[in-house]
Amino acid sequence: MRSLPEADPGLPDIRSPFRYLWWNARMQLPSLLGGIAFATAWWVVQALVPAVLGKGIDALTAKDGGELLTWSAILLGLGLAQAYTGIMRHRLAVYNWLAAAYRTVQVTARQAARLGATLPKRLSTGEVVSVGNSDIAHIGSSMDILLRGTGSIVAIVTVTVILISTSLPLGLMVLFGVPVMAVAVGPLLRPLHRRQKAQRDLTGELSTRSADIVAGLRVLRGIGGEQVFAEHYREESQRVRHAGVAVSRVESLLEGAQIILPGLLVAAVTGVGASFAVGGQITPGELVSFYTYAVFLIGPMRTLTEAADKLTKGHVAARRVVRILSIEPEVSGGDGTSEGGVLRDSYSGVTLQPGTLTAVAAGAPEDAIAIADRLGRYTDGDVTFGSADLATLPVEEVRSRILVADNGARLFTGRLRDELDVRGGASDGEIRQALHAACAEDIVEALPEGLDAQVAEAGREFSGGQQQRLRLARALLADPEVLILVEPTSAVDAHSEARIADRLAKARAGRTTLVCTTSPLVLDRTDHVIYVEDGRAHAEGTHRELLGSSPAYAATVTRGED
């Protein structure tokens with residue numbers, strides 16, 4: 001089987017689930033059409049087998065050896081053709097399933113990267129995770145079923161033509177019986193669609209709840225809230241279970257309809273065909289053909305019902321994907337350029353001079369975070385970078401030149417070396433320098449495999465202080481033009497904090513750095529301190545100057561009272 005397509009599918013501008021499924025089909029149109037052709041041939045070959053079998057029985061009844069050999073050879077040929085087309089149909093079905101499923105992963109991952117900080121504000125973690133957990137399987141299945149579904153329609157038409165040409169009454173029974181059975185299962189699809197959507201919504205909420213519990217398990221155990229949250233999770237899990245049972249009820253009716261309705265048609269066709277054979281209107285071979293056709297039609301009929309079910313599930317899954325794709329980033333860029341220089345936030349008055357280590361000490365921590373977000377272009381603001389308005393620069397350029405590192409960042413699963421050197425170009429010496437500046441050498445030395453050790457999900461094997469130091473090393477290793485650190489030492493002890501403060505200035509010498517903190521140990525080692533109150537700069541100077549000239553600043557950094 002050929003490999004999956006590696007071409008970048010881009011981000012489609014799609015606002016409806018049906019259009020998303022149609023776009024996915026067009027993206028793999030050659031393989032989809034090839035699969036439909038093989039599936040159609042596979043079904044048609046099977047549809048011809050009963051007719052050939054009946055001719056062979058008639059030849060046997062007439063004791064015509066030549067005819068018997070001829071029809072036996074044709075039957076052998078049909079068997080070989082069925083084997084080949086069946087293999088190719090299955091291979092292309094798997095290919096189309098994988099292509100559609102993982103194309104969905106590509107576009108949602110690309111959209112998540114494009115949205116950045118906007119995504120967690122608009123959607124819960126569970127909703128995004130559900131796309132990769134279950135929705136891609138349903139979208140893949142909706143592409144897969146198109147092959148057999150289209151072929152089954154052709155097979156039903158072929159059988160109907162053969163039956164009508166042999167016996168008009170029996171042919172008409174099949175011709176009208178198949179649509180009646182298709183209409184009969186229609187009323188089950190709407191409630192199935194509705195219940196599947198409700199189940200997926202509840203599953204997404206439960207995934208969010210479980211992610212929150214796992215992330216905060218250490219805190220929950222510390223305050224004794226583990227049992228309370230476990231009970232909440234149990235209640236939500238039961239709601240998901242009840243929703244799943246509700247879906248299963250409709251699916252069980254659908255499965256039953258797939259058996260009983262074709263069975264009724266088989267019984268009717270066989271009974272009428274037997275009466276015609278007794279009356280001499282058809283030959284024994286034709287009676288066997290009619291019975292075999294009636295049994296054969298169960299397959300295409302079940303496939304049509306299966307297609308209705310899978311396309312419904314695919315539509316529900318595509319709705320979640322479209323919801324993610326329809327979100328627009330809160331900020332956008334232009335096509336301007338900037339040679340860099342002074343970075344200034346007009347609203348607060350915070351100004352970062354090139355090559356200096358600046359600190360922002362805010363009376364309210366959220367004020368410092370808001371300033372960092374504006375300077376990093378995570379929220380709109382009147383910010384200039386050199387002579388250019390920051391909003392006019394491409395977002396990709398801003399992200400590569402200005403790095404905002406806060407305590408909400410995560411360590412991902414993988415080699416520690418790769419987690420620290422995210423751009424993949426640092427030498428071992430540069431990594432050691434970054435670890436030294438972040439006072440994190442002891443963390444790596446304690447690992448048996450050192451930098452090649454595997455990091456668990458979210459770095460849960462490290463303590464809060466260790467994670468913070470590793471995140472700082474990662475930020476330093478990225479070596480951006482402007483580095484903005486939000487409370488980089490809040491979880492470390494005083495001795496480590498003092499060493500980090502000393503080493504940070506040396507590691508960022510000649511580069512623009514802003515540290516948002518109220519720690520006296522860090523503030524005392526910066527070139528310039530800006531005191532922010534109510535979102536605006538109220539005083540500037542060195543740490544020691546502000547201690548004497550600004551009582552409000554002194555009260556903030558010494559945890560005293562004004």
Side-chain angles (χ1 to χ4, degrees), residues 109 112-125 128-129 208 211-212 214-219 329-331 359-360 365-366 368-379 395-396 398-424 426 431 434-435 437-440 443-444 451 453-492 496-497 500 504 507-508 511-517 519 522:
R114 172 173 172 259
L115 293 175
T118 303
L119 183 60
K121 298 177 183 177
R122 300 286 296 276
L123 289 177
S124 66
T125 303
V128 180
V129 170
T208 301
D212 291 342
V214 171
L217 190 57
R218 184 176 301 172
V219 177
E330 294 179 337
V331 297
V360 165
E366 57 269 20
I369 295 173
I371 292 171
D373 284 345
R374 289 197 296 270
L375 292 174
R377 189 69 183 132
Y378 286 100
T379 57
V395 175
E396 294 79 7
V398 174
R399 296 288 177 264
S400 65
R401 300 176 67 179
I402 303 175
L403 172 61
V404 179
D406 60 18
N407 289 315
R410 294 289 187 92
L411 294 173
F412 297 99
T413 304
R415 283 198 316 165
L416 180 58
R417 180 190 302 274
D418 299 329
E419 297 308 306
L420 298 177
D421 181 20
V422 293
R423 294 178 179 173
I431 295 176
L435 290 170
C439 199
I443 303 173
V444 179
L451 288 172
Q454 290 291 317
V455 178
E457 188 270 332
R460 60 177 180 269
E461 71 266 51
F462 302 117
S463 67
Q466 289 176 325
Q467 289 189 37
Q468 191 173 55
R469 285 183 283 160
L470 289 173
R471 289 196 299 265
L472 177 58
R474 180 173 63 185
L476 292 173
L477 202 57
D479 194 27
E481 185 176 338
V482 179
L483 176 59
I484 301 173
L485 302 171
V486 180
E487 294 292 352
T489 59
S490 59
V492 301
S496 298
E497 187 175 30
I500 290 172
L504 179 61
R508 292 290 298 173
R511 311 287 273 175
T512 306
T513 308
L514 172 65
V515 183
C516 300
T517 183
S519 168
V522 178

Heavy-atom closest pair, residues [X] and [Y]:
X: V398; Y: G376; result: CG1-O, 3.9 Å
X: V360; Y: A368; result: CG1-CB, 4.4 Å
X: R399; Y: R377; result: NH2-O, 3.1 Å
X: A440; Y: L470; result: CB-CD2, 4.4 Å
X: L119; Y: A112; result: CD2-CB, 3.6 Å
X: V492; Y: G465; result: CG1-O, 4.0 Å

Can you tell me how far apart [atom1] ([X]) and [atom2] ([Y]) are? Round to the nearest 0.5 Å.
X: L485; Y: L476; atom1: CG; atom2: CG; result: 7.0 Å
X: D406; Y: E487; atom1: CG; atom2: CD; result: 11.0 Å
X: L411; Y: E419; atom1: CG; atom2: CD; result: 6.5 Å
X: E330; Y: R122; atom1: CD; atom2: CZ; result: 7.5 Å
X: L420; Y: L451; atom1: CG; atom2: CG; result: 6.5 Å
X: C516; Y: L375; atom1: SG; atom2: CG; result: 8.0 Å

Just so I know, are the side chains of [X] and [Y] near enough to count as touching, which here means a heavy-atom distance under 4.5 Å?
X: L477; Y: L435; answer: no
X: V444; Y: I431; answer: no
X: I500; Y: R469; answer: yes
X: N407; Y: V486; answer: no

message: side-chain contact (heavy atoms from CB on, under 4.5 Å) for V482 and L514? Distances and angles first, verdict last.
response: CA-CA 8 Å; V482 179; L514 172 65; 6.0 Å; no
field: side-chain contact (heavy atoms from CB on, under 4.5 Å) between V455 and E461, intermediate numbers included
entry: CA-CA 8 Å; V455 178; E461 71 266 51; 4.2 Å; yes
E497 backbone acceptor or donor facing T489 side chain under 3.5 Å: no
field: With sequence neighbours excluded, residues passing salt bridge (Lys or Arg N to Asp or Glu O under 4.0 Å) with D479
entry: R508, R511
field: Partner residues of R474 under the salt bridge (Lys or Arg N to Asp or Glu O under 4.0 Å) criterion, sequence neighbours left out
entry: none
